[in-house]
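Here the structure is laid out as structure tokens; the discussion comes afterwards.
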Amino acid sequence: MDSAAVLAWYDHHARELPWRVSPADRRAGLRPDPYRVWLSEIMLQQTTVAAVKAYFLRFTALWPRVHDLAAAPLDSVLREWAGLGYYARARNLHACAQAVVRDHAGIFPDTAAGLQALPGIGAYTSAAIAAICFDERVAVLDGNLDRVLARYYALKVPVREAKEALRGALQLAVPERAGDFAQAMMDLGATICAPRAAMCLVCPLHDGCEARREGEPTRYPIKPQKAERPVRRGHAFVMQDAAGDVYLQSRPAKGLLAGMTEVPTSDWGELSGDPAFPLVADWRHRGQVVHVFTHFRLELDVWSAVVAPDGLETGWWAAPEALGGEALPTLFRKVLAAAGLD
DNA sequence: AAGGCGGGGAT
DNA sequence: ATCCCAGCCTT
């Protein structure tokens, strides 16, 4: 693989991103801040650049250094993470910051192996940080690279079955500018070798690409069978007291939306059944909310009522104007919106 | 090795 | 409606 061609392309077409040091600045000796690179990489796990930008700017404004993030309450981190999804990342982010401060004097490890021992940092993220920050010559293999390499080699099996073979092939191509190469390959996958379109005419890997030679590059990567998404149904209960404050509670510490804020709901099952209201009140049906998770589709009927707050003691009451500061996942923001709030 | 785990942008 | 994103962790 012609890594020199990839780097030459990157020198002219690198995306400008808030956490990135441009190839020109990098050549001039400027080094990325491992804290900012780490934070961006965690946020970017299974998440698009467009979705991450605002969160990254907010986090770095609130917590400019790892020490600041480590000292923050977990609740604050979850609140700021709300809406970004995959909330285990936020818990691991906080735990990782504390581990770096506690066990590494606030300095991130400078090798992929050292980084991968930290919470929330796996094979991809450890390699990415080590390459980008320290130019460790390690293969950085993410979803973009899966696609680029599957096409380059016209891989006839799903990527998951050939992951280590791809890693080995990529490892042989990693040049001295390991960080720029990693970012170049990801930019290539994001802008040239995109999922539904391959702009082969302007691709620096044009010459060696087997899928291009075959003539139908978007045939790759070969996808495994997709499991169909089941539907779950239930009811959500939005309760306000006489002052208009809304009843909220915390979700369990493990599982879906762990530790995030919610309004009470029924169990979610194949059938919703009749609503079992938590209190006697004049309940009004406020419509239905549909929310799609990775592994199921959820349909919640939304009910609202003004209630006397007796017997509700596990949660708390929040003023409608204060809902923006709660750790509410998007699902429950939809529920509140259906009830005329948020 | 397989499945749980969010949400949104692009098509 | 479908795909898939700078994946990790648990079982």
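Quick note on labels: first sequence line is chain A, next is B, and so on, each numbered from 1.
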Select base, sugar-phosphate, or nothing to describe what [X] touches, counting heavy atoms under 4.0 Å on all strands.
X: A:Thr125; value: sugar-phosphate
X: A:Tyr86; value: base
X: A:Ala123; value: sugar-phosphate
X: A:Val140; value: nothing
X: A:Leu17; value: base
X: A:Gly189; value: nothing
X: A:Thr330; value: sugar-phosphate
X: A:Trp38; value: nothing

Open item on the list: Quick test of your reading of the model: are A:Asp146 and A:Lys163 salt-bridged, counting only N-O distances below 4.0 Å?
Closed with: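 Yes.
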Distance-only donor-acceptor test, [X] side-chain atoms vs [N] base atoms, 3.5 Å:
X: A:Thr294; N: B:dG4; value: no
X: A:Arg196; N: C:dT2; value: yes
X: A:Arg160; N: B:dA2; value: yes
X: A:Arg297; N: C:dA1; value: no

Counting side-chain heavy atoms from C-beta on, which of [options] comes nearest to [X]?
X: A:Tyr124; options: B:dG7, C:dC4, C:dC8; value: C:dC8
X: A:Met186; options: C:dA6, B:dG7, C:dC3; value: C:dA6
X: A:Phe293; options: C:dC5, C:dG7, B:dG6; value: B:dG6

Task: Ring centroid separation A:Phe293 to A:His291 under 6.0 Å - done: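 So the answer is yes for these two rings.
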- [ ] With DNA chain B as reference, determine whether A:Phe296 or A:Lys334 sits nearer its 5' end, using the nearest nucleotide of each.
- [x]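 Residue closer to the 5' terminus by nearest nucleotide: A:Phe296.
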Determine the interatomic distance between [atom1] on [N] and the same-named atom on [M]; round to the nearest Å.
N: B:dG8; M: C:dC9; atom1: P; value: 24 Å
N: C:dC3; M: B:dG6; atom1: C1'; value: 15 Å
N: B:dC5; M: C:dC4; atom1: C1'; value: 15 Å

As an exercise, state the distance from [atom1] of [X] to [atom2] of [Y], rounded to the nearest 0.5 Å.
X: A:Met43; Y: A:Tyr55; atom1: CE; atom2: OH; value: 8.5 Å
X: A:Ser40; Y: A:Arg20; atom1: OG; atom2: CZ; value: 9.5 Å
X: A:Leu298; Y: A:Arg232; atom1: CG; atom2: CZ; value: 8.5 Å
X: A:Glu262; Y: A:Arg251; atom1: CD; atom2: CZ; value: 5.0 Å

Open item on the list: Looking at A:His291, I'd like to know whether one of its side-chain N or O atoms comes within less than 4.0 Å of OP1 or OP2 on B:dG6.
Closed with: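 A:His291 to B:dG6 OP1/OP2: no side-chain N or O under 4.0 Å.
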Task: Which residue lies more 5' along DNA chain C, comparing A:Gln46 with A:Pro195 via nearest heavy atoms - done: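 On the 5' side of the pair lies A:Pro195.
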TODO: For A:Ile121 and for A:Asp187, find the nucleotide of DNA chain C with the closest heavy atom, then tell me which residue's nucleotide is more 5'.
DONE: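 Checking each residue's closest nucleotide, the 5'-ward one belongs to A:Asp187.
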